[in-house]
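One structure below.
As the structure is a prediction and not an experimental result, all values here were calculated from the model.
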Amino acid sequence: MKTLPLKGFCLLIAGLLSASVQAGQEAAPAEVGLPVGQRAPAFTLKDQNDHEVSLAALLKKGPVALIFYRSADWCMYCKFQLIQIQRNLKQFEGVGGQVVGISYDSASKIKRFADSRSITIPLLSDAGSKTIDAYGVRDKSAADPKEGFAAHATFVLDRQGTVRAKFLNVIYQEQPGVGNLVNALKEAGKVDAATSNQVPEKHPVSRNNVKSANPET
């Protein structure tokens, strides 16, 4: 059997490594969902009690955590997450935050789950997946992405509707999950307070000063 010369062997290894790096770069997944610092799209959806809930109305009350989840009907992890969020609701309210769930579930499926688990946080029905698509979180890894359910993603918004933090995992543990979300809502509230407490200046404010007064998490 012929052996490959040392020089040829080295070139072969180098070629394979180069091809592997290129393949890895090409396979790098695109960012899921809105980036931190971007303004969140407005929406109005119905909750489990058939009440219309708008993002604009939520933001008037304080920072908001929008939790996109796959389904409260067939996703066990999602059910655990929503139950855990409900269980820790006082922590979120304690820092002035609000928590809202969004899925492609029909209103009837959401109500059935909410009633069975005494869920009081707003669970919004985005049956047409328009809001899911607007936030860029449709689950593309599904066998049929056209079904329209969301990937796990949570966006924390300040009162101006700017994304201040983003989590791409299921939040169903006290730590670090719930703790991270509480801290993110708290930080978003600080941004709101800093903005509202700014004293208007008679001369134009530079962009650098505005940016430093509104730090991103």
Side-chain angles (χ1 to χ4, degrees), residues 30-45 47 53-70 72 75 77-78 80-104 119-124 126 129-139 149-198 210-217:
E31 182 176 7
V32 176
L34 302 178
V36 172
Q38 184 167 321
R39 193 70 175 267
F43 61 77
T44 299
L45 299 169
D47 66 9
V53 177
S54 71
L55 179 60
L58 291 170
L59 293 176
K60 289 180 180 179
K61 302 175 184 178
V64 181
L66 302 178
I67 300 178
F68 288 87
Y69 61 96
R70 299 177 117 194
C75 175
Y77 287 112
C78 303
F80 288 154
Q81 175 175 238
L82 296 173
I83 292 170
Q84 186 71 288
I85 294 298
Q86 178 67 42
R87 186 176 297 161
N88 290 276
L89 183 57
K90 288 185 178 180
Q91 288 197 58
F92 304 121
E93 294 177 341
V95 295
Q98 305 163 85
V99 184
V100 177
I102 302 176
S103 72
Y104 84 142
I119 303 295
T120 62
I121 62 173
L123 300 182
L124 309 184
D126 183 27
S129 299
K130 291 183 179 179
T131 301
I132 289 171
D133 285 336
Y135 281 73
V137 292
R138 182 186 289 249
D139 193 333
F149 59 84
H152 296 293
T154 298
F155 301 90
V156 176
L157 315 180
D158 63 21
R159 293 188 69 175
Q160 284 67 51
T162 301
V163 179
R164 291 294 167 181
K166 178 170 68 173
F167 304 96
L168 299 178
N169 52 354
V170 184
I171 301 172
Y172 61 89
Q173 294 179 317
E174 290 281 350
Q175 296 299 335
V178 171
N180 286 341
L181 187 53
V182 170
N183 289 335
L185 283 166
K186 185 177 181 179
E187 290 302 314
K190 289 180 179 179
V191 173
D192 296 333
T195 301
S196 61
N197 290 333
Q198 282 184 336
V210 172
K211 185 174 181 181
S212 63
N214 295 275
E216 294 182 3
T217 57

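- In this structure the side chain of Glu187 never reaches within 4.5 angstrom of the side chain of Pro63, judged on heavy atoms.
- Taking the six-membered ring for Trp and thresholds of 30 and 60 degrees, Phe68 and Tyr135 have ring planes inclined between 30 and 60 degrees apart.
- Distance alone, capped at 3.5 Å, is enough to place a donor-acceptor pair between the Gln98 side chain and the Leu58 backbone.
- A salt bridge between Glu93 and Lys90 is absent, with no side-chain N of the basic residue lying under 4.0 Å from a carboxylate O of the acidic one.
- Within the 4.5 Å cutoff, side-chain heavy atoms of Ile85 are placed close to those of Leu181.
- Inter-residue side-chain proximity for Leu157 and Val163 is flagged as met; some heavy-atom pair is nearer than 4.5 Å.
- Once rounded to the nearest 0.5 Å, the distance linking CG of Asp158 with CZ of Arg39 reads 8.0 Å.
- Listed by chain and residue number, nothing satisfies the salt bridge (charged side-chain N to carboxylate O under 4.0 Å, His left out) test with Lys186 (two or more places apart in sequence, or in another chain).
- Taking each heavy atom of Phe155 and Gly33 in turn, the nearest pair found is CZ-CA, 3.9 Å.
- Between the side chain of Asp126 and the backbone N or O of Ile132, at least one donor-acceptor pair lies under 3.5 Å.
- Once rounded to the nearest 0.5 Å, the distance linking CG of Leu123 with CG of Leu45 reads 12.0 Å.
- Atom-to-atom distance recorded for Gln81:CD and Gln84:CD is 9.5 Å, nearest 0.5 angstrom.
- Contact check for Phe92 versus Val178: side-chain heavy atoms found under the 4.5 Å cut-off.
- Ala42 and Leu55 make their closest contact through CA-CD2, 4.1 Å (heavy atoms, listed as atom of the first residue, atom of the second, distance).
- Closest of all the heavy-atom pairs between Ile171 and Gly177 is CG2-C, 3.5 Å.
- Proximity of Leu34 to Lys166: side-chain heavy atoms (C-beta onward) are nowhere separated by under 4.5 Å.
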Original post:
For Leu82 and Tyr69, what are the C-alpha separation, side-chain angles and deciding distance, and is it a side-chain contact (heavy atoms from CB on, under 4.5 Å)?
Top reply: CA-CA 9 Å; Leu82 296 173; Tyr69 61 96; 3.8 Å; yes

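- The NZ atom of Lys130 sits 15.0 Å away from atom CZ of Phe43, with the distance rounded to the nearest 0.5 Å.
- Within the 3.5 Å criterion, the main-chain N or O of Ile121 finds a donor-acceptor partner in the side chain of Gln86.
- Across Ala188 and Val156, no two heavy atoms sit closer than the pair CB-CG1, 4.0 Å.
- In this structure, the side chain of Ser54 engages the main chain of Ala57 through a donor-acceptor pair within 3.5 Å.
- The main-chain N or O of Leu59 is found under 3.5 Å from a side-chain atom of Arg159 such that the two form a donor-acceptor pair.
- Residue Ile83 holds its CD1 atom at 12.5 Å from CG of Asn88, rounded to the nearest 0.5 Å.
- Taken from CG in Asp47 to CD1 in Ile102, the straight-line distance is 11.5 Å, to the nearest 0.5 Å.
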